[in-house]
Amino acid sequence: MLIAPPSFFDALIKKVPQGKLITAAGLRKYLAAQNGADFTDPITAGIFINIAAWASYQRTENITPYWRVLKSDGELNMKYPEAISLQKALLEKEGHTVISKGCKNIKYYVKDFESSLTEL
């Protein structure tokens with residue numbers, strides 16, 4: 001099991017080009033393969049991706065495009081800065097369509113996100 005530091009996630013997220021997406025699971029899978037591990041710990045990975053997001057949110061330079069990282073099923077991440085609103089706006093600015101599902105517990109997803117996934 002690999003426990004990759006936040007800097008590893010930050011560097012990988014910066015490689016995701018504008019208009020493209022990646023899932024947290026995709027980041028974890030890539031890091032495990034690159035480091036000879038069977039898998040990357042999902043709990044610390046989620047925490048460290050959020051650290052990268054919040055650190056980027058507080059900077060005016062050297063931005064990390066954290067909004068391009070989705071949950072495994074294409075769902076937006078409520079834990080990112082400004083909850084869903086900022087991630088949704090930034091994704092739509094890059095040409096993605098964000099849809100909502102549910103009545104009471106509304107969740108947001110990138111429509112057809114699989115077609116925009118990038119390879120690292």
Side-chain angles (χ1 to χ4, degrees):
M1 176 177 70
L2 173 69
I3 298 177
S7 60
F8 281 32
F9 289 99
D10 189 70
L12 283 180
I13 295 168
K14 286 180 178 174
K15 292 182 178 184
V16 179
Q18 183 174 348
K20 293 293 186 178
L21 304 167
I22 194 158
T23 63
L27 291 172
R28 291 191 345 260
K29 183 178 177 181
Y30 178 84
L31 283 171
Q34 292 298 305
N35 290 280
D38 293 327
F39 66 98
T40 304
D41 177 53
I43 302 297
T44 56
I47 293 167
F48 294 162
I49 291 168
N50 283 331
I51 287 172
W54 280 95
S56 180
Y57 180 70
Q58 296 173 31
R59 294 191 298 258
T60 56
E61 297 177 355
N62 196 24
I63 301 300
T64 301
Y66 63 87
W67 57 89
R68 297 176 187 153
V69 181
L70 305 174
K71 294 183 180 185
S72 298
D73 57 357
E75 183 182 350
L76 278 60
N77 194 328
M78 179 65 79
K79 295 180 182 177
Y80 286 167
E82 297 186 34
I84 297 297
S85 62
L86 181 58
Q87 186 182 20
K88 180 179 182 290
L90 292 169
L91 288 169
E92 289 175 340
K93 185 176 180 181
E94 291 188 1
H96 300 287
T97 301
V98 177
I99 59 172
S100 62
K101 294 182 182 178
C103 294
K104 291 184 181 181
N105 186 18
I106 300 172
K107 295 183 179 186
Y108 295 87
Y109 299 82
V110 173
K111 183 178 180 183
D112 302 323
F113 76 98
E114 297 95 340
S115 64
S116 296
L117 290 176
T118 190
E119 295 282 331
L120 294 176

Side chains of residues 25-39: which donor-acceptor pairs under 3.5 Å do they make with residues two or more places apart or in other chains?
{"from": "Arg28", "atom 1": "NE", "to": "Thr40", "atom 2": "O", "distance (Å)": "3.4"}
{"from": "Asn35", "atom 1": "ND2", "to": "Leu31", "atom 2": "O", "distance (Å)": "2.8"}

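- Between Trp67 and Gln87, the shortest heavy-atom distance links the atoms O-NE2, 3.1 Å.
- In the hydrophobic clustering of this structure, Leu120 groups with Leu2; members are Ile, Leu, Val, Met, Phe, Trp, Tyr whose side-chain heavy atoms approach within less than 4.5 Å, directly or through other members.
- Two residues are said to be in side-chain contact when any heavy atoms from C-beta on lie closer than 4.5 Å; Asp112 and Thr97 fail this criterion.
- We find the NZ-NZ distance between Lys101 and Lys107 to be 10.5 Å, quoted to the nearest 0.5 Å.
- Distance NE2/His96 to CG/Leu90: 10.5 Å, rounded to 0.5 Å.
- With contacts defined as side-chain heavy-atom distances shorter than 4.5 Å, the pair Leu91/Leu70 qualifies.
- Across Ile63 and Lys14, no two heavy atoms sit closer than the pair O-CE, 4.1 Å.
- Contacts classified as ring pair (Phe, Tyr, Trp, His ring centres under 6.0 Å) and involving residues 99-120 (residues at least two apart or in different chains) are not found.
- The minimum heavy-atom distance linking Leu86 with Pro81 is given by the pair CB-O, 3.7 Å.
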Any chance you could lay out the side-chain hydrogen bond (donor to acceptor under 3.5 Å, both in side chains) test for Arg68 and Ser116, step after step, and finish with the verdict? CA-CA 10 Å; Arg68 297 176 187 153; Ser116 296; over 6 Å; no
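- Looking at Val16 and Leu21, their side chains never come closer than 4.5 Å, going by heavy atoms from C-beta outward.
- Expressed to the nearest 0.5 Å, how far CD1 of Ile13 lies from CZ of Phe48 amounts to 12.5 Å.
- When all heavy atoms of Glu92 and Val98 are compared, the pair lying nearest together is OE2-CB, 3.9 Å.
- From Met1, atom CE reaches atom OG1 of Thr44 across 7.0 Å, with rounding to the nearest 0.5 Å.
- In plain terms, the two heavy atoms of Ala24 and Val69 that are nearest each other are N-CG1, 3.9 Å.
- Side chains of Leu12 and Ile22 form no contact here, defined as non-hydrogen atoms less than 4.5 Å apart.
- With rounding to the nearest 0.5 angstrom, the CG atom of Asn77 is 7.0 Å from the CD1 atom of Ile84.
- By the 6.0 Å contact criterion, CD on Glu114 is enclosed, its count of non-hydrogen atoms from other residues, nucleotides or ligands being greater than 12.
- A donor-acceptor pair is defined here as one N or O able to donate and one able to accept, closer than 3.5 Å; no such pair exists between the side chain of Tyr57 and the backbone of Tyr66.
- Summarising the geometry of Lys20 relative to Thr118, their closest heavy-atom pair is CB-CB, 3.9 Å, with the distance given to 0.1 Å.
- We find the CD1-OG1 distance between Ile51 and Thr64 to be 12.5 Å, quoted to the nearest 0.5 Å.
- No continuous path of hydrophobic side-chain contacts links Val110 to Ile99 [ILVMFWY only; heavy atoms under 4.5 Å].
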